[in-house]
Amino acid sequence: MDIQRPRGTADLLPEALGLWSAFERVALREFERANYREIRTPLFEHTELFVRGVGDTTDIVEKEMYSFQDRGGRSLTLRPEGTAGVVRAYVENKRYGRADIDKLYYLGPMFRYERPQSGRSRQFHQYGCEVFGAEAPELDAEVIALSYRILSEFGLTGLTVEVNSVGCDVCRPQHKAAMLRLVQPHAEEFCGDCQRRMERNPLRMFDCKHETCQRLLTELQVPRISDVLCADCREHLEAVLHHTALLGIPCERNPNLVRGLDYYTRTAWEVTVAGHSTVSGGGRYNSLVAELGGPETPGIGFAGGVERAVQLAIDQSLTAGEDERLDVYVVTADQTATDQATSLVDTLRRAGFMADRDFQRRSVKSQVKSADRQHARWMAVLGETELASGTVTVKDMDSGEQEIWPFLEVAERMQERRTKQEGEGK
RNA sequence: GUGAGCGUGGCGAAGGGGUUAACGCACCGGAUUGUGGAUCCGGCAUACGUGGGUUCGAUUCCCAUCGCUCACCCCA
(Lines give C-alpha, C1' and ligand atoms only; values in the text may rest on other atoms or scores of the structure.)
Protein backbone atom coordinates (compact mmCIF):
# COMPACT_ATOMS: atom_id res chain seq x y z
CA MET A 1 0.00 0.00 0.00
CA ASP A 2 1.87 3.07 -1.13
CA ILE A 3 -0.79 5.74 -0.75
CA GLN A 4 -2.10 6.35 2.72
CA ARG A 5 -4.65 8.74 4.06
CA PRO A 6 -3.30 12.23 4.69
CA ARG A 7 -1.99 12.85 8.16
CA GLY A 8 -4.63 13.71 10.69
CA THR A 9 -7.52 12.29 8.69
CA ALA A 10 -9.52 9.19 9.48
CA ASP A 11 -11.49 6.54 7.66
CA LEU A 12 -14.77 6.08 9.48
CA LEU A 13 -15.46 2.41 9.03
CA PRO A 14 -18.92 0.84 9.23
CA GLU A 15 -18.20 -0.80 12.58
CA ALA A 16 -17.40 2.56 14.17
CA LEU A 17 -20.15 4.54 12.53
CA GLY A 18 -22.92 3.19 14.73
CA LEU A 19 -21.98 5.50 17.59
CA TRP A 20 -21.55 8.39 15.20
CA SER A 21 -25.02 8.17 13.78
CA ALA A 22 -26.46 7.57 17.23
CA PHE A 23 -24.81 10.77 18.35
CA GLU A 24 -25.93 12.70 15.29
CA ARG A 25 -29.52 11.60 15.79
CA VAL A 26 -29.50 12.91 19.35
CA ALA A 27 -27.93 16.22 18.35
CA LEU A 28 -30.35 16.88 15.52
CA ARG A 29 -33.29 15.89 17.69
CA GLU A 30 -32.31 18.25 20.49
CA PHE A 31 -31.71 21.15 18.12
CA GLU A 32 -35.02 20.65 16.39
CA ARG A 33 -36.99 20.32 19.60
CA ALA A 34 -35.63 23.72 20.55
CA ASN A 35 -36.79 25.11 17.19
CA TYR A 36 -33.40 25.42 15.53
CA ARG A 37 -33.12 24.89 11.77
CA GLU A 38 -30.21 23.46 9.86
CA ILE A 39 -27.84 25.57 7.80
CA ARG A 40 -25.11 24.27 5.49
CA THR A 41 -22.40 26.64 4.41
CA PRO A 42 -19.38 25.99 2.15
CA LEU A 43 -16.46 23.92 3.40
CA PHE A 44 -14.16 26.67 2.15
CA GLU A 45 -14.44 30.43 2.32
CA HIS A 46 -12.33 33.42 1.42
CA THR A 47 -9.34 33.42 3.76
CA GLU A 48 -10.15 36.99 4.74
CA LEU A 49 -13.38 35.86 6.42
CA PHE A 50 -11.49 33.83 9.02
CA VAL A 51 -8.78 36.42 9.47
CA ARG A 52 -11.37 39.05 10.29
CA GLY A 53 -13.87 36.80 12.01
CA VAL A 54 -11.73 34.51 14.12
CA GLY A 55 -9.01 37.05 14.80
CA ASP A 56 -5.63 37.57 13.19
CA THR A 57 -3.61 36.80 16.31
CA THR A 58 -5.34 33.55 17.17
CA ASP A 59 -3.49 30.26 16.79
CA ILE A 60 -6.09 29.18 14.27
CA VAL A 61 -5.29 32.01 11.91
CA GLU A 62 -1.58 32.26 12.62
CA LYS A 63 -0.63 28.65 12.13
CA GLU A 64 -3.52 26.30 11.61
CA MET A 65 -5.34 27.31 8.45
CA TYR A 66 -5.54 25.12 5.38
CA SER A 67 -5.23 27.91 2.83
CA PHE A 68 -4.70 27.61 -0.89
CA GLN A 69 -4.89 29.66 -4.05
CA ASP A 70 -7.50 28.67 -6.58
CA ARG A 71 -6.92 28.97 -10.30
CA GLY A 72 -8.22 32.50 -10.26
CA GLY A 73 -5.60 33.55 -7.75
CA ARG A 74 -8.03 33.93 -4.86
CA SER A 75 -6.91 32.85 -1.41
CA LEU A 76 -9.36 30.33 0.00
CA THR A 77 -9.31 28.44 3.29
CA LEU A 78 -10.89 25.21 4.43
CA ARG A 79 -13.11 26.26 7.31
CA PRO A 80 -11.38 25.84 10.69
CA GLU A 81 -14.58 26.47 12.64
CA GLY A 82 -18.25 27.01 11.94
CA THR A 83 -19.24 30.39 13.26
CA ALA A 84 -17.56 32.67 10.74
CA GLY A 85 -19.22 31.00 7.77
CA VAL A 86 -22.64 31.02 9.38
CA VAL A 87 -22.35 34.70 10.27
CA ARG A 88 -21.25 35.44 6.72
CA ALA A 89 -24.27 33.56 5.38
CA TYR A 90 -26.56 35.35 7.81
CA VAL A 91 -25.36 38.72 6.60
CA GLU A 92 -25.09 37.82 2.93
CA ASN A 93 -28.63 36.46 2.85
CA LYS A 94 -29.93 39.45 4.79
CA ARG A 95 -31.59 37.32 7.41
CA TYR A 96 -31.39 40.22 9.84
CA GLY A 97 -34.46 41.72 8.24
CA ARG A 98 -36.89 39.44 9.97
CA ALA A 99 -39.09 39.78 12.99
CA ASP A 100 -38.04 36.60 14.81
CA ILE A 101 -34.59 35.75 15.99
CA ASP A 102 -32.69 33.32 13.75
CA LYS A 103 -31.86 29.96 15.36
CA LEU A 104 -29.51 27.90 13.22
CA TYR A 105 -27.60 24.66 13.70
CA TYR A 106 -24.98 22.83 11.69
CA LEU A 107 -22.97 19.64 11.61
CA GLY A 108 -19.98 18.92 9.44
CA PRO A 109 -16.23 18.67 8.90
CA MET A 110 -13.75 21.36 9.93
CA PHE A 111 -10.04 21.55 9.10
CA ARG A 112 -7.04 22.71 11.06
CA TYR A 113 -3.39 22.10 10.27
CA GLU A 114 -2.13 20.72 13.57
CA ARG A 115 -0.06 17.87 14.91
CA PRO A 116 -2.58 15.11 15.50
CA GLN A 117 -2.97 13.50 18.92
CA SER A 118 -5.81 12.05 20.91
CA GLY A 119 -8.92 14.15 20.51
CA ARG A 120 -7.35 16.24 17.79
CA SER A 121 -7.04 15.74 14.06
CA ARG A 122 -6.73 17.78 10.90
CA GLN A 123 -10.16 16.98 9.60
CA PHE A 124 -12.65 16.69 12.42
CA HIS A 125 -16.35 17.22 12.86
CA GLN A 126 -18.26 19.80 14.78
CA TYR A 127 -21.90 20.21 15.59
CA GLY A 128 -23.12 23.52 16.86
CA CYS A 129 -25.58 26.34 16.66
CA GLU A 130 -25.73 30.10 16.27
CA VAL A 131 -28.54 32.41 17.33
CA PHE A 132 -28.84 35.94 16.01
CA GLY A 133 -30.92 38.84 17.20
CA ALA A 134 -31.24 38.61 20.97
CA GLU A 135 -29.02 39.41 23.91
CA ALA A 136 -31.25 38.34 26.76
CA PRO A 137 -29.44 36.16 29.30
CA GLU A 138 -32.19 33.55 29.17
CA LEU A 139 -31.09 32.85 25.59
CA ASP A 140 -27.53 32.27 26.81
CA ALA A 141 -29.00 29.79 29.25
CA GLU A 142 -30.93 28.00 26.51
CA VAL A 143 -27.83 27.60 24.36
CA ILE A 144 -25.73 26.46 27.32
CA ALA A 145 -28.45 23.96 28.19
CA LEU A 146 -28.49 22.66 24.61
CA SER A 147 -24.74 22.17 24.58
CA TYR A 148 -25.05 20.18 27.79
CA ARG A 149 -28.21 18.25 26.99
CA ILE A 150 -27.03 16.91 23.65
CA LEU A 151 -24.17 15.21 25.47
CA SER A 152 -26.18 14.03 28.45
CA GLU A 153 -29.02 12.73 26.27
CA PHE A 154 -26.41 10.84 24.26
CA GLY A 155 -25.69 9.06 27.51
CA LEU A 156 -22.47 10.65 28.70
CA THR A 157 -21.96 11.13 32.42
CA GLY A 158 -19.63 13.21 34.55
CA LEU A 159 -20.25 16.36 32.53
CA THR A 160 -19.80 19.82 33.96
CA VAL A 161 -20.34 23.20 32.44
CA GLU A 162 -17.80 25.86 33.28
CA VAL A 163 -19.05 29.38 32.79
CA ASN A 164 -17.37 32.75 32.80
CA SER A 165 -17.81 36.22 31.41
CA VAL A 166 -15.01 37.67 29.31
CA GLY A 167 -16.50 41.15 29.45
CA CYS A 168 -17.72 43.47 26.76
CA ASP A 169 -16.23 46.12 24.49
CA VAL A 170 -16.20 48.44 27.46
CA CYS A 171 -14.71 46.48 30.31
CA ARG A 172 -12.49 44.02 28.49
CA PRO A 173 -10.08 46.54 26.93
CA GLN A 174 -9.84 48.32 30.28
CA HIS A 175 -8.99 45.09 32.03
CA LYS A 176 -6.44 44.12 29.43
CA ALA A 177 -4.66 47.46 29.71
CA ALA A 178 -4.65 47.27 33.49
CA MET A 179 -3.32 43.75 33.40
CA LEU A 180 -0.50 44.56 31.02
CA ARG A 181 0.51 47.58 33.10
CA LEU A 182 1.11 45.26 36.03
CA VAL A 183 2.59 42.35 34.22
CA GLN A 184 4.80 43.77 31.49
CA PRO A 185 7.47 45.25 33.79
CA HIS A 186 8.02 41.71 35.07
CA ALA A 187 7.81 40.02 31.68
CA GLU A 188 11.14 38.16 31.97
CA GLU A 189 10.08 36.51 35.19
CA PHE A 190 7.25 34.66 33.47
CA CYS A 191 7.72 31.47 31.50
CA GLY A 192 8.15 31.56 27.74
CA ASP A 193 4.58 30.52 27.11
CA CYS A 194 3.29 33.31 29.32
CA GLN A 195 5.47 35.89 27.60
CA ARG A 196 3.82 34.89 24.38
CA ARG A 197 0.39 34.94 26.02
CA MET A 198 1.08 38.51 27.09
CA GLU A 199 1.23 39.49 23.43
CA ARG A 200 -1.69 37.47 22.23
CA ASN A 201 -4.20 36.76 24.93
CA PRO A 202 -3.13 37.85 28.43
CA LEU A 203 -6.21 36.25 29.99
CA ARG A 204 -4.65 32.89 29.20
CA MET A 205 -1.87 33.55 31.71
CA PHE A 206 -4.26 32.63 34.49
CA ASP A 207 -4.37 29.14 32.96
CA CYS A 208 -0.61 28.61 33.16
CA LYS A 209 0.50 25.46 34.93
CA HIS A 210 3.76 26.94 36.17
CA GLU A 211 3.71 27.73 39.85
CA THR A 212 6.01 30.73 39.48
CA CYS A 213 3.66 32.34 36.98
CA GLN A 214 0.70 31.79 39.26
CA ARG A 215 2.58 33.22 42.24
CA LEU A 216 3.62 36.27 40.26
CA LEU A 217 0.04 36.96 39.24
CA THR A 218 -1.01 36.81 42.88
CA GLU A 219 1.89 38.92 44.13
CA LEU A 220 1.32 41.57 41.52
CA GLN A 221 -2.36 41.56 42.42
CA VAL A 222 -3.36 41.18 38.80
CA PRO A 223 -7.16 41.33 38.61
CA ARG A 224 -9.08 38.62 36.87
CA ILE A 225 -11.61 39.72 34.30
CA SER A 226 -14.43 38.42 36.47
CA ASP A 227 -13.31 40.81 39.25
CA VAL A 228 -13.53 43.92 37.11
CA LEU A 229 -16.59 43.35 34.95
CA CYS A 230 -18.74 46.37 34.33
CA ALA A 231 -22.13 46.45 36.03
CA ASP A 232 -24.03 45.33 32.93
CA CYS A 233 -21.75 42.36 32.30
CA ARG A 234 -21.86 41.34 35.92
CA GLU A 235 -25.62 41.47 35.93
CA HIS A 236 -25.80 39.52 32.69
CA LEU A 237 -23.63 36.72 34.05
CA GLU A 238 -25.73 36.43 37.20
CA ALA A 239 -28.91 36.22 35.14
CA VAL A 240 -27.43 33.52 32.93
CA LEU A 241 -26.48 31.43 35.93
CA HIS A 242 -29.91 32.00 37.43
CA HIS A 243 -31.55 30.58 34.33
CA THR A 244 -29.21 27.62 33.92
CA ALA A 245 -30.03 26.76 37.52
CA LEU A 246 -33.73 26.82 36.63
CA LEU A 247 -32.90 24.43 33.79
CA GLY A 248 -31.02 22.11 36.10
CA ILE A 249 -27.72 22.45 34.27
CA PRO A 250 -24.68 21.75 36.50
CA CYS A 251 -22.83 25.00 35.94
CA GLU A 252 -19.73 26.09 37.78
CA ARG A 253 -18.12 29.48 37.67
CA ASN A 254 -14.60 29.37 36.34
CA PRO A 255 -13.07 32.85 36.58
CA ASN A 256 -10.03 31.62 34.59
CA LEU A 257 -11.98 30.35 31.62
CA VAL A 258 -10.89 31.97 28.38
CA ARG A 259 -11.75 30.97 24.87
CA GLY A 260 -9.32 31.00 22.00
CA LEU A 261 -11.27 33.03 19.50
CA ASP A 262 -11.32 36.79 19.48
CA TYR A 263 -15.00 37.34 18.90
CA TYR A 264 -16.42 36.36 22.25
CA THR A 265 -18.08 38.93 24.48
CA ARG A 266 -19.62 38.35 27.89
CA THR A 267 -20.72 34.75 28.34
CA ALA A 268 -18.21 32.01 27.55
CA TRP A 269 -18.49 28.38 28.58
CA GLU A 270 -17.14 24.88 28.07
CA VAL A 271 -18.62 21.47 28.67
CA THR A 272 -15.96 19.18 30.10
CA VAL A 273 -15.42 15.80 31.64
CA ALA A 274 -12.71 15.55 34.27
CA GLY A 275 -9.44 14.38 32.76
CA HIS A 276 -10.43 14.88 29.13
CA SER A 277 -10.16 17.66 26.61
CA THR A 278 -13.11 20.00 26.25
CA VAL A 279 -16.06 18.39 24.49
CA SER A 280 -17.82 21.55 23.48
CA GLY A 281 -17.56 25.24 24.05
CA GLY A 282 -19.22 28.45 23.10
CA GLY A 283 -19.93 32.01 23.86
CA ARG A 284 -21.68 35.20 23.01
CA TYR A 285 -20.42 37.47 20.24
CA ASN A 286 -22.21 40.78 20.16
CA SER A 287 -19.93 42.55 17.71
CA LEU A 288 -19.11 39.87 15.19
CA VAL A 289 -22.04 40.45 12.83
CA ALA A 290 -21.19 44.13 12.57
CA GLU A 291 -17.50 43.37 12.12
CA LEU A 292 -18.36 41.19 9.15
CA GLY A 293 -20.37 43.94 7.55
CA GLY A 294 -23.87 43.38 8.89
CA PRO A 295 -25.96 45.60 11.13
CA GLU A 296 -25.25 45.60 14.87
CA THR A 297 -26.73 42.23 15.81
CA PRO A 298 -26.03 40.24 18.94
CA GLY A 299 -25.21 36.58 18.51
CA ILE A 300 -24.41 33.52 20.57
CA GLY A 301 -23.42 29.99 19.75
CA PHE A 302 -21.39 26.92 20.62
CA ALA A 303 -19.62 24.10 18.84
CA GLY A 304 -18.79 20.60 20.00
CA GLY A 305 -16.51 17.91 18.67
CA VAL A 306 -18.21 14.80 17.36
CA GLU A 307 -15.02 12.73 17.63
CA ARG A 308 -14.60 13.79 21.25
CA ALA A 309 -18.18 12.92 22.14
CA VAL A 310 -17.85 9.55 20.45
CA GLN A 311 -14.51 8.86 22.14
CA LEU A 312 -16.04 9.64 25.53
CA ALA A 313 -18.88 7.26 24.74
CA ILE A 314 -16.35 4.53 24.02
CA ASP A 315 -14.46 5.33 27.23
CA GLN A 316 -17.74 5.14 29.14
CA SER A 317 -18.66 1.85 27.44
CA LEU A 318 -21.75 3.19 25.72
CA THR A 319 -22.94 1.13 22.78
CA ALA A 320 -24.83 2.10 19.70
CA GLY A 321 -27.47 -0.58 19.79
CA GLU A 322 -27.59 -3.44 17.34
CA ASP A 323 -27.23 -2.89 13.63
CA GLU A 324 -30.32 -3.84 11.71
CA ARG A 325 -30.10 -7.59 11.18
CA LEU A 326 -30.07 -9.37 7.87
CA ASP A 327 -33.49 -10.89 7.15
CA VAL A 328 -32.59 -13.61 4.71
CA TYR A 329 -29.41 -15.28 3.55
CA VAL A 330 -29.92 -17.29 0.41
CA VAL A 331 -27.77 -20.41 0.33
CA THR A 332 -26.91 -21.81 -3.07
CA ALA A 333 -26.50 -25.52 -2.41
CA ASP A 334 -25.94 -26.42 -6.01
CA GLN A 335 -24.26 -24.51 -8.83
CA THR A 336 -27.29 -25.10 -11.02
CA ALA A 337 -29.36 -23.02 -8.63
CA THR A 338 -27.63 -19.71 -9.32
CA ASP A 339 -30.44 -18.41 -11.53
CA GLN A 340 -32.98 -19.11 -8.84
CA ALA A 341 -30.75 -17.54 -6.19
CA THR A 342 -30.48 -14.38 -8.23
CA SER A 343 -34.20 -14.01 -8.65
CA LEU A 344 -35.07 -15.08 -5.09
CA VAL A 345 -32.77 -12.44 -3.58
CA ASP A 346 -34.26 -9.84 -5.88
CA THR A 347 -37.84 -10.86 -5.04
CA LEU A 348 -37.12 -10.67 -1.33
CA ARG A 349 -35.49 -7.26 -1.62
CA ARG A 350 -38.41 -5.90 -3.61
CA ALA A 351 -40.69 -7.22 -0.89
CA GLY A 352 -38.77 -5.12 1.61
CA PHE A 353 -36.48 -7.70 3.17
CA MET A 354 -32.77 -7.20 3.71
CA ALA A 355 -31.49 -10.14 1.71
CA ASP A 356 -28.10 -11.36 0.60
CA ARG A 357 -26.38 -14.44 -0.76
CA ASP A 358 -23.03 -16.06 -1.44
CA PHE A 359 -20.98 -14.70 -4.32
CA GLN A 360 -17.86 -16.74 -3.75
CA ARG A 361 -19.17 -20.17 -4.71
CA ARG A 362 -18.39 -21.48 -1.28
CA SER A 363 -19.46 -24.75 0.29
CA VAL A 364 -22.88 -25.03 1.88
CA LYS A 365 -21.32 -25.21 5.31
CA SER A 366 -19.45 -22.00 4.70
CA GLN A 367 -22.54 -20.25 3.45
CA VAL A 368 -24.48 -21.30 6.52
CA LYS A 369 -21.68 -20.02 8.73
CA SER A 370 -21.88 -16.79 6.84
CA ALA A 371 -25.61 -16.57 7.51
CA ASP A 372 -24.90 -17.20 11.18
CA ARG A 373 -22.12 -14.62 11.37
CA GLN A 374 -24.39 -12.01 9.89
CA HIS A 375 -27.19 -12.87 12.33
CA ALA A 376 -29.62 -13.62 9.52
CA ARG A 377 -33.14 -14.24 10.72
CA TRP A 378 -33.74 -16.85 8.03
CA MET A 379 -31.75 -18.75 5.54
CA ALA A 380 -33.28 -19.95 2.31
CA VAL A 381 -31.66 -23.00 0.76
CA LEU A 382 -31.76 -23.61 -2.97
CA GLY A 383 -30.35 -26.93 -4.11
CA GLU A 384 -30.96 -29.79 -6.43
CA THR A 385 -34.01 -31.14 -4.62
CA GLU A 386 -35.61 -27.70 -4.29
CA LEU A 387 -35.07 -27.01 -7.99
CA ALA A 388 -36.67 -30.29 -8.92
CA SER A 389 -39.78 -29.55 -6.90
CA GLY A 390 -39.97 -25.76 -7.33
CA THR A 391 -39.48 -25.20 -3.61
CA VAL A 392 -37.17 -23.47 -1.15
CA THR A 393 -36.05 -24.82 2.21
CA VAL A 394 -36.48 -22.02 4.72
CA LYS A 395 -34.82 -22.24 8.08
CA ASP A 396 -35.56 -20.00 11.03
CA MET A 397 -32.06 -19.33 12.33
CA ASP A 398 -33.23 -18.54 15.86
CA SER A 399 -35.36 -21.60 16.47
CA GLY A 400 -33.52 -23.91 14.11
CA GLU A 401 -36.81 -25.11 12.61
CA GLN A 402 -37.02 -25.46 8.87
CA GLU A 403 -39.82 -25.92 6.38
CA ILE A 404 -40.18 -26.43 2.67
CA TRP A 405 -42.10 -23.66 0.91
CA PRO A 406 -43.11 -23.24 -2.71
CA PHE A 407 -40.57 -21.02 -4.45
CA LEU A 408 -43.21 -18.52 -5.52
CA GLU A 409 -44.64 -18.08 -2.04
CA VAL A 410 -41.45 -17.42 -0.09
CA ALA A 411 -41.74 -13.62 0.12
CA GLU A 412 -45.43 -13.76 0.94
CA ARG A 413 -45.02 -16.36 3.69
CA MET A 414 -42.09 -14.51 5.18
CA GLN A 415 -44.14 -11.37 5.31
CA GLU A 416 -46.85 -13.25 7.22
CA ARG A 417 -44.28 -14.56 9.70
CA ARG A 418 -42.77 -11.18 10.16
CA THR A 419 -46.12 -9.50 10.77
CA LYS A 420 -46.98 -12.22 13.26
CA GLN A 421 -43.66 -11.88 15.09
CA GLU A 422 -43.98 -8.12 15.26
CA GLY A 423 -47.52 -8.56 16.61
CA GLU A 424 -46.03 -10.66 19.38
CA GLY A 425 -43.64 -7.84 20.10
CA LYS A 426 -40.54 -9.57 18.84
C1' G B 1 6.44 24.29 16.06
C1' U B 2 8.96 21.29 20.60
C1' G B 3 9.75 16.49 23.09
C1' A B 4 9.21 11.05 23.81
C1' G B 5 7.87 5.98 22.28
C1' C B 6 6.80 2.63 18.27
C1' G B 7 6.67 0.34 12.78
C1' U B 8 7.21 -8.16 11.63
C1' G B 9 1.07 -11.80 7.17
C1' G B 10 -6.01 -9.50 7.39
C1' C B 11 -5.41 -8.98 13.14
C1' G B 12 -2.45 -10.05 17.68
C1' A B 13 2.45 -11.37 18.67
C1' A B 14 7.82 -13.95 19.32
C1' G B 15 12.56 -13.56 17.53
C1' G B 16 17.21 -11.83 16.46
C1' G B 17 23.99 -10.65 11.96
C1' G B 18 23.96 -16.70 8.86
C1' U B 19 19.77 -22.45 4.98
C1' U B 20 12.55 -23.11 5.10
C1' A B 21 10.95 -15.95 10.17
C1' A B 22 7.80 -19.22 15.46
C1' C B 23 2.97 -19.23 17.54
C1' G B 24 -2.17 -17.67 18.23
C1' C B 25 -6.69 -15.57 15.99
C1' A B 26 -9.35 -15.09 11.54
C1' C B 27 -10.37 -17.26 6.84
C1' C B 28 -10.95 -21.62 3.17
C1' G B 29 -11.45 -27.10 2.29
C1' G B 30 -12.37 -31.85 4.45
C1' A B 31 -13.80 -35.56 8.37
C1' U B 32 -20.15 -34.90 8.19
C1' U B 33 -23.76 -36.74 -0.61
C1' G B 34 -26.63 -30.07 1.42
C1' U B 35 -26.93 -26.87 7.52
C1' G B 36 -24.63 -22.64 12.39
C1' G B 37 -21.12 -24.86 18.01
C1' A B 38 -16.84 -28.04 19.56
C1' U B 39 -12.94 -31.32 17.99
C1' C B 40 -9.42 -33.32 14.52
C1' C B 41 -6.80 -33.16 9.66
C1' G B 42 -5.17 -30.16 5.75
C1' G B 43 -4.62 -25.40 3.36
C1' C B 44 -3.86 -20.16 3.17
C1' A B 45 -1.16 -15.57 2.83
C1' U B 46 3.66 -10.93 -2.19
C1' A B 47 4.92 -10.08 6.19
C1' C B 48 10.13 -7.57 8.93
C1' G B 49 7.48 0.89 6.71
C1' U B 50 11.03 3.26 2.87
C1' G B 51 16.03 4.68 1.28
C1' G B 52 21.09 4.50 2.18
C1' G B 53 25.44 2.73 5.14
C1' U B 54 28.56 -1.08 7.88
C1' U B 55 29.34 -6.43 6.70
C1' C B 56 31.23 -12.15 3.03
C1' G B 57 25.99 -11.83 4.68
C1' A B 58 21.10 -7.07 7.60
C1' U B 59 14.43 -8.29 9.27
C1' U B 60 18.31 -7.74 13.31
C1' C B 61 23.56 -2.84 13.94
C1' C B 62 24.10 2.67 12.24
C1' C B 63 22.08 7.07 9.67
C1' A B 64 18.24 9.41 7.22
C1' U B 65 13.27 9.56 5.86
C1' C B 66 8.09 8.52 6.06
C1' G B 67 4.15 6.95 9.03
C1' C B 68 1.65 5.91 13.71
C1' U B 69 0.89 7.01 18.99
C1' C B 70 1.31 10.20 23.23
C1' A B 71 2.49 14.85 25.69
C1' C B 72 3.41 20.35 25.40
C1' C B 73 1.46 24.84 22.87
C1' C B 74 -3.52 25.44 21.44
C1' C B 75 -8.17 23.64 20.80
C1' A B 76 -13.54 20.60 19.03
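Reminder, nothing fancy here: chain letters follow the sequence lines and each chain counts from 1.
Separating the CZ atom of A:Phe124 from the C1' atom of B:C75 is a distance of 8 Å, rounded to the nearest angstrom. Atom CZ in A:Arg204 sits roughly 13 Å away from atom P in B:C72 (whole-Å rounding). The interatomic distance linking A:Gln367 (CD) with B:C27 (P) rounds to 15 Å, in whole Å. In this structure, CZ of A:Arg5 is placed 12 Å from P of B:G67, rounded to the nearest angstrom. Regarding A:Trp20, its CH2 atom lies at a distance of 16 Å from the P atom of B:A76, rounded to whole Å. For A:Arg308 and B:C74, the CZ to P distance is 14 Å, given to the nearest whole Å. What separates CZ of A:Arg259 from P of B:C74 is a distance of 13 Å, to the nearest Å. Regarding A:Gln4, its CD atom lies at a distance of 9 Å from the C1' atom of B:C68, rounded to whole Å.
Pairing for B:U19 is absent, judged as Watson-Crick or G-U wobble with the two contacts each under 3.5 Å. When Watson-Crick and G-U wobble pairs are counted only if both distances are under 3.5 Å, B:G7 pairs with B:C66. With a cut-off of 3.5 Å on both Watson-Crick or G-U wobble distances, the partner of B:A26 is given as none. Summarising the base pairing, B:G57 is matched to no nucleotide, lacking a Watson-Crick or G-U wobble pair whose two defining distances lie under 3.5 Å. With a 3.5 Å ceiling on both atom-pair distances, B:C48 lacks any Watson-Crick or G-U wobble partner. Here B:C72 sits opposite B:G1 as a Watson-Crick or G-U wobble pair (both hydrogen-bonding atom distances under 3.5 Å). In this structure, B:A31 and B:U39 make a Watson-Crick or G-U wobble pair, each of the two defining distances being under 3.5 angstrom.
Atom NE2 in A:His276 sits 4.5 Å away from atom CG in A:Asp315 (nearest 0.5 Å). The distance from atom NE2 of A:His375 to atom CG of A:Asp327, rounded to the nearest 0.5 Å, is 14.0 Å.
For an aromatic pair to be called close, the ring centres must be under 6.0 Å apart, and A:Tyr36 with A:Tyr105 fails this.
Note on A:Arg361: nothing from the nucleic acid sits closer than 4.0 angstrom, heavy atoms only. Within 4.0 Å (heavy atoms only), A:Glu81 reaches no atom of the nucleic acid at all. As judged by a 4.0 angstrom heavy-atom cut-off over every strand, A:Arg112 is placed among the base-contacting residues. Within the 4.0 angstrom heavy-atom criterion, base atoms lie near A:Ser121.
When the C1' atom is compared between B:G7 and B:G49, the two are found 6 Å apart, to the nearest whole Å. The gap from the C1' atom of B:G36 to that of B:G5 amounts to 44 Å, rounded to the nearest Å. B:C25 and B:U65 are spaced 34 Å apart, taking the C1' atom of each and rounding to whole Å. Taking atom C1' on both B:U8 and B:U50, the two are 15 Å apart, rounded to the nearest angstrom. Rounded to a whole angstrom, the distance from the P atom of B:A64 to that of B:C44 is 41 Å. Here the separation of B:A76 from B:G52, taken at their C1' atoms, is 42 Å to the nearest Å. Comparing the same atom, C1', in B:A26 and in B:U32 gives a spacing of 23 Å after rounding to whole Å. The gap from the C1' atom of B:A13 to that of B:C23 amounts to 8 Å, rounded to the nearest Å.
At a cut-off of 3.5 Å, with distance as the only test, no side-chain donor of A:His210 or A:Asp193 sits close to an acceptor on the other residue. In this structure, a donor-acceptor pair under 3.5 Å is present between the side chains of A:Tyr285 and A:Glu130. Neither side chain, A:Arg284 nor A:Ser165, offers a donor N or O lying under 3.5 Å from an acceptor on the other.
No donor-acceptor contact under 3.5 Å links the side chain of A:Arg200 to the base of B:C74.
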- Where along nucleotides 2-10 of chain B does protein come under 4.0 Å, by heavy atom, of base (B) or sugar-phosphate alone (S), with - for untouched nucleotides? BB-------
- Task: Using a 4.0 Å cut-off on protein heavy atoms (strictly under), produce a 5'-to-3' string for nucleotides 31-50 of chain B with B for base contact, S for backbone-only sugar-phosphate contact, and - for none.
- Result: ---BBBS-------------
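The shortest non-hydrogen separation linking A:Thr391 to A:Ile404 is CB-CG2, 3.5 Å. Contact detail for A:Met110 and A:Glu81: the closest heavy-atom pair is SD-C, 3.5 Å. When all heavy atoms are compared, the tightest approach of A:Gly85 to A:Glu45 is CA-OE2, 3.7 Å. Residue A:Val51 comes nearest to A:Met65 through the heavy atom pair CG2-CE, 4.2 Å, listed as atom of the first residue, atom of the second, then distance. Closest non-hydrogen pair, A:Val240 versus A:Ala141, comes out as O-CB, 4.0 Å.
A:Phe23 and A:Tyr127 have perpendicular rings, their planes meeting at more than 60° on a 0 to 90° scale where under 30° would count as parallel.
Residue A:Ser363 places at least one side-chain N or O closer than 4.0 Å to OP1 or OP2 of B:G30. Between A:Gln117 and B:A71 there is a side-chain polar atom (N or O) within less than 4.0 angstrom of OP1 or OP2. OP1 or OP2 of B:G29 has at least one side-chain nitrogen or oxygen of A:Ser366 nearer than 4.0 Å. For the OP1/OP2 pair of B:C68 and a distance below 4.0 Å, the side-chain nitrogens and oxygens of A:Arg7 include at least one atom meeting the criterion. Distances shorter than 4.0 Å separate none of the side-chain N or O atoms of A:Ser277 from OP1 or OP2 on B:C75.
Between A:Lys63 and A:Glu270, the one whose closest nucleotide on RNA chain B sits nearer the 5' end is A:Lys63.
Within the structure, the side-chain hydrogen bond (donor to acceptor under 3.5 Å, both in side chains) test picks out the following pairs touching residues 13-29 of chain A (sequence neighbours left out): A:Arg29-A:Glu153.
Candidate nucleotides B:A76, B:C27, B:C70 were compared by shortest atom distance to the side chain of A:Thr278, and B:A76 ranks first.
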